[in-house]
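It should be emphasised that the depicted structure is a prediction, and the values quoted were computed from it without experimental measurement. We use all heavy atoms of the structure for the numbers below, so side chains are in, but hydrogens, waters and symmetry mates are not. The chains referred to below are lettered A, B, ... by the order of the sequence lines, with proteins before strands, and numbering in each begins at 1.
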Amino acid sequence: MWRRSASFILDNRTPNDVASASRPESLALSPPLQSSAMADADANSAYYQTRAAHHGVVTSDWLAQAQAAVGRNPDDLGSVVASEAEPKPASDSGKPFSVIEEFNNWRKQPDLAEAVAAIRALASVIMSSEATTMMELEIELKKASDSLKSWDKTSISLTAGCDLFMRFVTRTTALEYEDFNSAKSRLIERAEKFGEISTKARRIIAVLSQDFIFDGCTILVHGFSRVVLEVLKTAAQSKKLFRVFCTEGRPDRTGLRLSNELAKLDVPVKLLIDSAVAYTMDEVDMVFVGADGVVESGGIINMMGTYQIALVAHSMNKPVYVAAESYKFARLYPLDQKDMAPALRPIDFGVPIPSKVEVERSARDYTPPQYLTLLFTDLGVLTPSVVSDELIQLYL
Amino acid sequence: MDPGRRPPRTVSDPKVRQVGFFAAPEPISSSPPVSDISPSGNSLSPVMIPPPRHSSDPRPPLFPPASPGRRDSLTPSDLFPASSPTASSSYADAEFAFSPGRALRTNSVRPAAAAVTTSSSLPGRGFDLTAAVKASGVPAFGLMKIPSGFSEKVGNASVEVENEQASNSKPLKEKTTKAERRALQEAQRAAKAAAKAEGNAPSVVNATAAAVNVKPPKATKTPTVAASEKKGGGGSERPIEKERKKEVPPPRMQYDDTSRVEKAKRRSVVKQTEARNRVELFRHLPQYEHGTQLPDLESRFFQLDPVHPAVYKVGLQYLAGDISGGNARCIAMLQAFQKAIKDYSIPPEKNLGRDLTAKISSYVSFLIECRPLSISMGNAIRFLKSRIAKLPLTLLESEAKAALKSDIEQFISEKIILADKVIVNHAVTKIRDGDVLLTYGSSSAVEMLLLHAHELGRQFRVVVVDSRPKLEGQRLLRRLVGKGISCTYTHINAASYIMHEVTRVFLGASSVLSNGVVYSRVGTASVAMVAHAFRVPVLVCCEAYKFHERVQLDSICSNELGDPDVISKVPGREEINCLNNQSNCDNLQPLNLIYDALPSDYISMIITDYGMVPPTSVPVIVREYRREQLWM
């Protein structure tokens, strides 16, 4: 989907379409993008593809959607529930079962987090499994989750989701349920609950964070995060008066989409180019970001640019708040930026880049905990150091 | 955030976090609006965990409040401080200081001992009691059997114990009703009366039940007990300042307290001579003239001592410095104890648990005389003692010995050897090709890590930083170079020079304290601070059995002093040894610290057998680990 160079489409349409919304200067600045990084596109990580498919990139579908329905809410809960029913029969079909396909099936759904999709995929492993003992089932699951994890090493929430579910399986069943079948159905039921959990967790986080958004504040947002959107939406619905600065989020232009969503809610929005963060920081009261993963040190892994925003905010003594569901907690401990498997993405610079010039294509960075103020999770509002405590309690 | 600019927050109901498995998630109303959804309310959290195997609910209602049966379960407690024939009380104290946190620990083993001197009213207590209650299977009349000869005092002491238990139940207050409390008081009163009545009459020593709850000789000495007994007898609640006094942990042996040092000396096996010119700030730590005791001790090797030869040997090795390094010392000690237990037989009319604990205590105090215990050894001793205390009374002597032997073996293999392997496996993921790793001194875990990474074919270089006087790095260097790892060897003075090319610093630790402070070989802190200044991540490899719940802020309160001569003298360099004849000079106070404390700010990560954790999570590990050790 992202291959169709999203911004290319956007740019063609810019003059007539986006005029109504606060029109980002950057759009005009960047000339039509004709594919230079496309050649090595196959190297792009699956992580990035998911992101692009979900929310990251301004795609043609999204454009169409945005144009057509102003009032329609893409995060409509009903649609998720309806669409959840569909893929299930697929797993019963004759062809050999594959977790990865299943996972891909699940993650196509717009509102389903990747971790939840992973858990659903694992649940369908249970459903289709012919194991007769708990041990067999566990081994089968282990295999499935390993293959899922190795299929996409870059995705943190995928790994976290798999780990979480495996943890649940190993911790519960052997101890509590004697009957294999009831245990099995219990597990499946449990996995299905995760679907609602992900939306519910967002709601909880939104409620928790309301205390921190006060009237008249200015919030800087980086990247498009469904949780952050939910937070801002709730704040807008409860008649809070605030304004939002959106960074552009350069190659993917995630900021554009967020600003669009916020404009629909009548929240005053200002778009910034990514390099204007420090320039505007003294107007900002707080920084809100989402997270791809929350790691054991309490730091976060998020879209590229988060780290520098956190650094700027820290040096100006502005609080940095992270909104993340607790299933994004991962047992990872990066020491520095290079300590993770990089998630690569295509970057269009608009002009052809000489082959000798190297391009930094990593899609995300790691923000150490000392630059974060608080984490809003469905477990409550946590300081970064508590993350590790939770993880220890979960996995030990 | 700017507090001034924030309008007062709307006060919402307290948000209770629920981690873990909570049953019956009630469906939330689907309306998004604010604040009627509290995270606790809708309880369906993704991180639900089914309950762990052991009961994590520590406090069932305290049922038989004054049941004497419980006193039986206190067995281990009493055994502990009192009855070691050789250890004087002051030494016992010193040992406690090192067998860490007697008052702080959350396990049940010696509440009564604590009652004698101090008591913690930590919430953990409630825990203990229940464990104790579970463990006790002794009929209720156990209370009546107070051995003769302890008459009144013993009665008092036991009442004291009862009171202690009453006060222990305070954290449960919310749960016990008034009537229950009333009943508890009544029971205590009755118990006391009975004890007094019984105390005057000579009675049979009941080896199992009664023998245990007696004999806190310190209790009989200290006037506070008597006083508290008077008050406690009334069944009234203890005055607050009393409580507070009890919360203070017993002081470590302070070597500037002359009277206690004298007392300790009289009992000690090793005749140490005090060093003369000591630094004022470190007078509370023991410092002896080195090199004088060893021949004397060696000559007495074949004299029959209370100390088992294996332990004696290990002690001498400590003294001579032949065994050093946290793990090596700990393993040597445990193996010596294993041998001692093998050769041990219960003296007539004695209880294995009690007598053996006393024996071990005496060994430990001997080892302390040779060299102060490390925290890891303290933990190991604590483990062993709790194991002895938990031995079922029905066990035969041989069975009990075999059980202890295998326990010790298990501790060595699981907590030390296996833990090191796990640490290595975790840590090796942090070594990438092209890295330059720096290590300081010689840590066994770091050495294993480097060798393992080399075996895996990682391309890296090692910088070994070393310091006088021990120059431990040289041995490490020799082994690394022998394996074909390319190394740089440098002096700690050059740390700031070499640091800019380093990508990771790996350090070992003697202990990790619960505020994240790493207690390690002196010089570690400087290396880590330099690394921090250069933004090089500092990784500390430490087995979880070395974790301790103590909090320490500096390197002064608890440390070890080495031989000051070794820093002032350089062997083979006569021309710079100009301090030779000045060692007795009054205005010269040489100081050779062995350890230092590295604040947690300088540590990026602690790698333990439980995975990689930030230093802020040490208390969690300590908590979980202790529990596991207790329930294992």
Sort P384(A) into side chain, backbone, both or neither according to what part of it lies under 4.5 angstrom from a heavy atom of chain B.
neither

F376(A): partners by ring pair (Phe, Tyr, Trp, His ring centres under 6.0 Å), with sequence neighbours left out:
F212(A), F288(A), Y321(A)

Flag the pair M286(A) / F214(A) as yes when at least one side-chain heavy-atom distance between them is below 4.5 Å, and no otherwise.
yes

V618(B) and L513(B), any side-chain heavy atoms less than 4.5 Å apart:
no

Using modelled atom types only, decide if a donor and an acceptor are shared between the side chain of E543(B) and the backbone of L418(B) within a distance under 3.5 Å.
no

Donor-acceptor under 3.5 Å (T234(A) side chain, E230(A) main chain)
yes

Residues of residues 600-609 of chain B with a heavy atom under 4.5 Å from any heavy atom of chain A, in residue-number order, are S604(B), M605(B)

List the residues meeting side-chain hydrogen bond (donor to acceptor under 3.5 Å, both in side chains) with T159(A), not counting sequence neighbours, and say none if there are none.
none

Quick one: side-chain hydrogen bond (donor to acceptor under 3.5 Å, both in side chains) partners of D163(A), sequence neighbours excluded?
K149(A)

Counting heavy-atom pairs under 4.5 Å to chain A, which of T429(B), L539(B), V613(B), T616(B) comes out on top?
V613(B)

Counting only non-hydrogen atoms closer than 4.5 Å, does R535(B) touch chain A with its backbone (N, CA, C, O), its side chain (CB onward), both, or neither?
neither

Taking S388(A), C217(A), G298(A), A206(A) one by one, which has the highest count of heavy-atom pairs under 4.5 Å against chain B?
S388(A)

Before you tell me yes or no, could you show the steps for Y545(B) and F383(B) under ring-ring contact (aromatic ring centres under 6.0 Å, His included), namely the whole-Å CA-CA distance, both residues' side-chain angles and the distance that decides it to 0.1 Å?
CA-CA 10 Å; Y545(B) 86 100; F383(B) 162 83; 10.0 Å; no

